[in-house]
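Below is one structure; the comments refer to it alone.
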Amino acid sequence: MLKPFEVHVQASALAAFRPQLTGVEWEALQANAVQARDLMAGRTCWNVSSTARGGGVAELLPRMLAYARGAGVDTRWMVVRGTPAFFRITKRLHHALHGSRGDGSPLGAAERACYEEVLRDNAEELLVLVRPGDVVLLHDPQTAGLAPTLTAAGARVVWRCHIGSDTLDAEVARAWGFLAPDLAAARLAVFSRAAYVPPLLADRSVVIAPSIDIFAVKNQPMAPEVTRAILGHTGLVGLAPDASEPIFTRTDGVPARVSRGADIVRLGSAPAPDMPLVVQVSRWDPLKDPVGVLRGFALLLRESPGLRAELVLAGPSVTSVADDPEAAATLEAVIAAWREQPHFLRQRVHLACLPMVDPEENAAIVNALQRHAAVVVQKSLREGFGLTVTEAMWKARPVVASAVGGLLDQVRHEVDGLLVRDPGDLPALAVAVRRLLDDPVLAARLGTQAHEHVRTRFTAARHLSDLVALLQRLDARVERGAWAGHLM
Ligand code: UDP
């Protein structure tokens, strides 16, 4: 029997936002909190996802929940459990929704039966907890199959999809075909961008872009010497003899130490503390194209062997992300591509698996790596919304991202980062990275603008106001008993 488990989240006070907002913005946030409390009085807002660690949803949910609880709304988080076969199917669905074939396995009746069986088990436990009138936010394809059961139990079910494809091809259609029976039971759907809304949900979809928590351990301010100390202690850069202590501040305000090392494939020694680093931090997923980053960097160095720069490709340790069965194979492919490179290149490319046992320690390492980077790359072939890019932009780092999916909303080319039009164009990637390494004035200008863009568009304060608007729409639809409105 597969039972979901709960992740408990402590409330975070909204007061933290005050210094970051104008007077008007702060009043609006408080008014939103009052509305949210009124709309949800006596009710619970459940979030259901498929992993508590690794990846964008696991990053986003606990912080948004913390602020919703801080606003006085009873918000809770349940994580479904699945079998390896279930997660293989849902990863295949994940690829298909991105318009990618993934492992090319079928999405037929047998897969549908497996998917339903796992979610039927999980639903049993949820039915004990969810009461009529509660709001349930089901995240991504892994949990969509819970919609019919929870709707039948009287919950107001919203499906939130964090991925998508700008164009409808055969793969995308296959995914929608698979999910359609479940999605018919959802009252509303939420997408990260308008282009992702499929025809079958056009009459009940809203667009809400994700956000980062600017106060989280991953984004908290960090002095350069602490950044270097954390990277030195984890083995990501050389440890200076007079290094500071690798100390960060936990969410509860208590200082903590980074103790665990990263598991690193490299030839020779760690980069010197002053070596400019080109960095991509992502799950080990073929759609993040770590092999492409490596080959693009190799191209750059073959053309300019004297260039002072090294590459760090970092991701979570491969056993740690429950719903991502592809991680180990992707990492193997990156290591194989690394082995093919000549000696001088292997000395300058570092493949790092970051410890995930303590999520806040992991966040501090990612924070340090992004802050220390000379250039942050996100060479995704597809991307729903790349949190890593927004995280780097908040840290005023210059970014180079592929011009795909949500990255197009996150980065304005030449304004707050550089976009590479064709994600497969390695020479273009090399040129963009080279420009930022060569031109510190450009890099600083893009970084400064990037920080401001994130402050105004991609923080939890904006996200909360969108979620309150969602609750209002949900409420209005109940009162009208109607489904006809075009909500986008
Ligand atoms: N991440 C992390 N540790 C890692 C690799 C990634 O904490 O070793 C985080 C990263 O900082 C980001 C999230 O995982 O917050 C990935 O989200 P993104 O939207 O970039 O991609 P997704 O995994 O959702 O496809």
Side-chain angles (χ1 to χ4, degrees), residues 49-64 90-91 94-95 97-98 100 139-142 160-164 192-193 209-214 216-220 230 234 236 248 258 260 262-264 279-290 312-324 326-327 330-331 334 351-371 373 376-395 397 399 401-402 404-407 409-411 454 458 460:
S49 77
S50 64
T51 182
R53 282 190 303 187
V57 177
E59 182 72 26
L60 188 72
L61 273 186
R63 299 311 305 147
M64 289 306 295
T90 57
K91 191 71 206 269
H94 173 96
H95 275 285
L97 280 177
H98 275 300
S100 148
H139 294 268
D140 280 337
Q142 294 92 324
R160 183 160 187 187
C161 185
H162 297 268
I163 53 182
S192 301
R193 40 186 347 229
S211 60
I212 60 164
D213 179 15
I214 56 177
V217 173
K218 182 162 293 170
N219 298 311
Q220 68 186 208
I230 290 178
T234 47
L236 286 158
F248 65 97
V258 170
R260 295 178 179 86
D263 189 351
I264 304 171
V279 171
Q280 177 166 297
V281 183
S282 275
R283 284 180 302 104
W284 300 105
D285 182 317
L287 295 181
K288 310 288 184 187
D289 200 17
V312 175
L313 289 171
S317 67
V318 291
T319 48
S320 61
V321 184
D323 70 345
D324 191 357
E326 273 180 325
T330 308
L331 178 61
V334 184
L351 311 178
C353 288
L354 308 183
M356 294 288 286
V357 186
D358 173 349
E360 293 196 335
E361 180 186 57
N362 175 272
I365 299 169
V366 172
N367 188 344
L369 196 51
Q370 289 171 332
R371 275 182 202 283
V376 171
V377 174
Q378 193 60 51
K379 198 201 160 300
S380 302
L381 304 173
R382 311 272 202 290
E383 192 62 78
F385 186 96
L387 286 178
T388 48
V389 167
T390 299
E391 290 160 4
M393 290 169 77
W394 173 250
K395 296 168 183 108
R397 303 322 300 144
V399 297
S402 309
V404 295
L407 295 170
D409 302 330
Q410 298 172 255
V411 180
V454 175
F458 297 117

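Atoms within each ligand, like the ligands themselves, are counted from 1 in listed order.
- In terms of polar-atom proximity, V281 is not counted as a contact of ligand 1, lacking any N or O under 3.5 Å from an N or O of the ligand.
- Here the protein heavy atom with the shortest distance to atom 5 (C) of ligand 1 is P316 CD, 3.5 Å.
- Note that the CG atom of D409 and the CD atom of E383 stand 11.5 Å from one another [nearest 0.5 Å].
- Residues R382 and D285 are not paired through a salt bridge, judged by the lack of any N-O separation under 4.0 Å between the basic side chain and the carboxylate.
- Looking at ligand 1, you'll find an N or O of R283 within less than 3.5 Å of one of its N or O atoms.
- Considering Q280, H98, K218 only, the shortest heavy-atom separation from atom 1 (N) of ligand 1 involves K218.
- Residue G386 places a heavy atom under 4.0 Å from ligand 1.
- For the salt bridge (Lys or Arg N to Asp or Glu O under 4.0 Å) test, residues two or more places apart in sequence or in another chain that qualify with D358 are R250.
- Side-chain contact of S282 with Q378: a donor-acceptor pair under 3.5 Å is present, judged by distance alone.
- Protein heavy atom nearest atom 15 (O) of ligand 1, with residue, atom name and distance: E391 OE2, 2.5 Å.
- Atom 20 (O) of ligand 1 has its nearest heavy-atom neighbour, among V57, N362, L387, I212, in L387.
- Considering CH2 of W394 and CG of N219, their distance stands at 8.0 Å, rounded to 0.5 Å.
- Close N/O approach between M356 and ligand 1 is not found [any backbone or side-chain N/O within under 3.5 Å].
- For the atom pair L60 CG and R160 CZ, the distance stands at 6.0 Å (nearest 0.5 Å).
- When only non-hydrogen protein atoms are considered, atom 16 (C) of ligand 1 lies nearest to G56 N, 3.6 Å.
- Ligand 1 has K288 within reach: a non-hydrogen atom of the residue lies less than 4.0 Å from it.
- In terms of polar-atom proximity, defined here as any N/O pair under 3.5 Å, Q370 makes no such contact with ligand 1.
- Every residue meeting the side chain to side chain donor-acceptor pair (under 3.5 Å) condition with S49, not counting sequence neighbours, appears here in chain and number order: W77.
- Listed by number with element, the atoms of ligand 1 under 4.0 angstrom from any heavy atom of L354 are 8 (O).
- Residues Q410 and F385 meet the side-chain proximity criterion, which asks for heavy atoms closer than 4.5 Å.
- Here the heavy atom of the protein found nearest to atom 13 (C) of ligand 1 is G55 C, 3.7 Å.
- Under 4.0 angstrom from ligand 1, there are no non-hydrogen atoms of Q378.
- Residue F385 has at least one heavy-atom neighbour below 4.0 Å for each of these atoms of ligand 1: 19 (O).
- Going from atom CG of D140 over to atom OG of S50 covers 7.0 Å, rounded to the nearest 0.5 Å.
- The closest approach between a heavy atom of A314 and any atom of ligand 1 is not below 4.0 Å.
- Rounding to the nearest 0.5 Å places NZ of K218 at 9.0 Å from OG1 of T388.
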